[in-house]
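Quick note on labels: first sequence line is chain A, next is B, and so on, each numbered from 1. Because only heavy atoms are used, hydrogens play no part in the values below, and waters and symmetry mates are left out as well, while side chains stay in. As the structure is a computational prediction, the values presented were derived from the model and not from experiment.
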There are 2 protein chains.
Amino acid sequence: MFKGQYIYSVDAKGRISIPAKLRKHVSPESNDTFIMTQGTEKCIDVYPLDQWNVLESKIHQLNLFNPDHARFSRILLQNAFDDTLDSQSRILIPQNLLAYAGITKDVLILGVSTKMELWNPSFYEIYLNSSEESFEQIAAKVITT
Amino acid sequence: MFKGQYIYSVDAKGRISIPAKLRKHVSPESNDTFIMTQGTEKCIDVYPLDQWNVLESKIHQLNLFNPDHARFSRILLQNAFDDTLDSQSRILIPQNLLAYAGITKDVLILGVSTKMELWNPSFYEIYLNSSEESFEQIAAKVITT
DNA sequence: TACTTTTTGGGTGATTGTGGGGAAAAGTGG
DNA sequence: CCACTTTTCCCCACAATCACCCAAAAAGTA
């Protein structure tokens, strides 16, 4: 389970180091491979390979002659991009994803359960302040047991 | 599983390079052979041989005395065209398919699960904006588990 | 403080995408 | 059947990008 927040930087080539603390939680069968794609918020989602495969097996069963299925597959897959760690434990982020998330130099890396998220730090600040409900109110709704 | 989007160009002879990242996901038994045909949208579908064979076996089971089955088979097959990669990893696209998809110079190559799609970039833009439903709504319908 | 681990920066050779020339093959008309 | 044109295929070459390696700076640890 990924957790924690880390302020890192993107270098001139668009590379980002994966924090050592997060790396420790990646299962070995992922083979240092990560799939990144556009998040539902203005951020980049990064899945280790084993987590991505769960999603991929569902997509594989769809019927691409069904218009809804095809549209879903196109949108989900069009911005998906995979890469493996280099010898310095970095991955390359495509320019279009960096542009989507508004990331230029500084990047906020969040560990969120089964995936990681890459944010422009000031966008995340705005996101945190954007809800009218308090953490307590949301927590009460979400955790019911 | 094919994924990602790539902006490439068609040269004067009607050839298109298959992106290296997509090539990596083509199974060896396809022998560098691809079958392209008219897509259900205004684009060109490109199947590696092994995936085409899956589709072909489905077509084989159709009843050609059923008018719908016959029409589907005719349209899909009349524009089907196969080619193998040349030494520069390119395939030749027939002029009638390029015309159908409105592709002249720039081409958007989409990895969509078991196949690839070739789009006129501006047509794809229109397609994305043509749905009244949001991605979340479609996703909820498609992924039910 | 000395040492290890982690993060960041950059250089270089290999791969990839694009364009085009020329030989072989196929089609066309006499 | 033969010249001629057109198309198809194979090869070479260039430019841009990417993958890989080396190394320094920074941070954490004993």
Task: Side chains of A:Arg23 and A:Leu85 in contact at under 4.5 Å (non-hydrogen atoms) - done: yes

Task: Interatomic distance where OH belongs to B:Tyr8 and C1' belongs to D:dT17 [whole Å] - done: 10 Å

Task: Phosphate-side-chain proximity, A:Thr84 and D:dA19, N/O vs OP1/OP2 below 4.0 Å - done: no

- [ ] Can you tell me the distance, in whole Å, between the CD1 atom of A:Ile7 and the C1' atom of D:dA27?
- [x] 16 Å

- [ ] Tell me which residues in residues 10-24 of chain B put a heavy atom below 4.0 Å from DNA chain C, sorted by number, or none.
- [x] B:Asp11, B:Lys13, B:Arg15, B:Ser17, B:Ile18, B:Pro19, B:Ala20, B:Arg23

Open item on the list: If you take the centroid of each ring, where Trp contributes its six-membered ring, are A:Phe2 and A:Tyr47 closer together than 6.0 Å?
Closed with: no

Task: Pairing pattern in dot-bracket form [Watson-Crick, G-U; both distances under 3.5 Å; | = partner strand] for DNA chain C - done: ||||||||||||||||||||||||||||||

Identify the pairs formed between an N or O of the protein and an N or O of nucleotides 25-28 of chain C at a distance under 3.5 Å, and give each distance.
none

Open item on the list: Please tell me whether A:Phe34 and A:Trp52 form a close aromatic pair, meaning their ring centres lie under 6.0 Å apart.
Closed with: no

Open item on the list: In whole Å, I'd like the distance from the CG atom of A:Asp86 to the P atom of C:dT8.
Closed with: 12 Å

Open item on the list: Could you tell me if the side chain of B:Leu110 sits less than 4.5 Å from the side chain of A:Arg74, heavy atoms only?
Closed with: yes

Open item on the list: Could you tell me if the side chain of B:Leu97 sits less than 4.5 Å from the side chain of B:Asn79, heavy atoms only?
Closed with: yes

Open item on the list: Between B:Lys3 and A:Asp82, does the salt bridge (Lys or Arg N to Asp or Glu O under 4.0 Å) criterion hold? Intermediate values first, please.
Closed with: CA-CA 9 Å; B:Lys3 62 182 181 298; A:Asp82 65 296; 3.2 Å; yes

TODO: Return the set of residues passing salt bridge (Lys or Arg N to Asp or Glu O under 4.0 Å) with A:Arg71 (not counting sequence neighbours), or none when no residue passes.
DONE: none

- [ ] Compute whether any side-chain donor of one residue and acceptor of the other, for A:Asp50 and A:Ser30, lie under 3.5 angstrom apart.
- [x] yes

Open item on the list: Run A:Leu76 and A:Leu55 through side chain to side chain contact (heavy atoms under 4.5 Å, CB included) and show every step you take.
Closed with: CA-CA 10 Å; A:Leu76 189 84; A:Leu55 186 56; 4.1 Å; yes

Open item on the list: What I want to find out is whether A:Glu117 reaches A:Lys115 closely enough, with some N-O distance under 4.0 Å, to be called a salt bridge.
Closed with: yes

Task: Nucleic acid contacts - residues 87-121 of chain B versus DNA chain D, non-hydrogen atoms under 4.0 Å - done: B:Ser87, B:Gln88, B:Arg90

For residues 12-21 of chain A, which side-chain N or O atoms pair as donor and acceptor with protein atoms under 3.5 Å away, sequence neighbours left out?
{"residue": "A:Arg15", "atom": "NE", "partner": "A:Asp11", "partner atom": "OD2", "Å": "2.7"}
{"residue": "A:Arg15", "atom": "NH2", "partner": "A:Asp11", "partner atom": "OD2", "Å": "3.0"}

TODO: Could you check if a side-chain atom of B:Phe81 sits within less than 4.5 angstrom of a side-chain atom of B:Asp83, using non-hydrogen atoms only?
DONE: yes

Task: Minimum-distance pair of heavy atoms, taken over all atoms of B:Gly102 and B:Asn120 - done: O-ND2, 2.7 Å

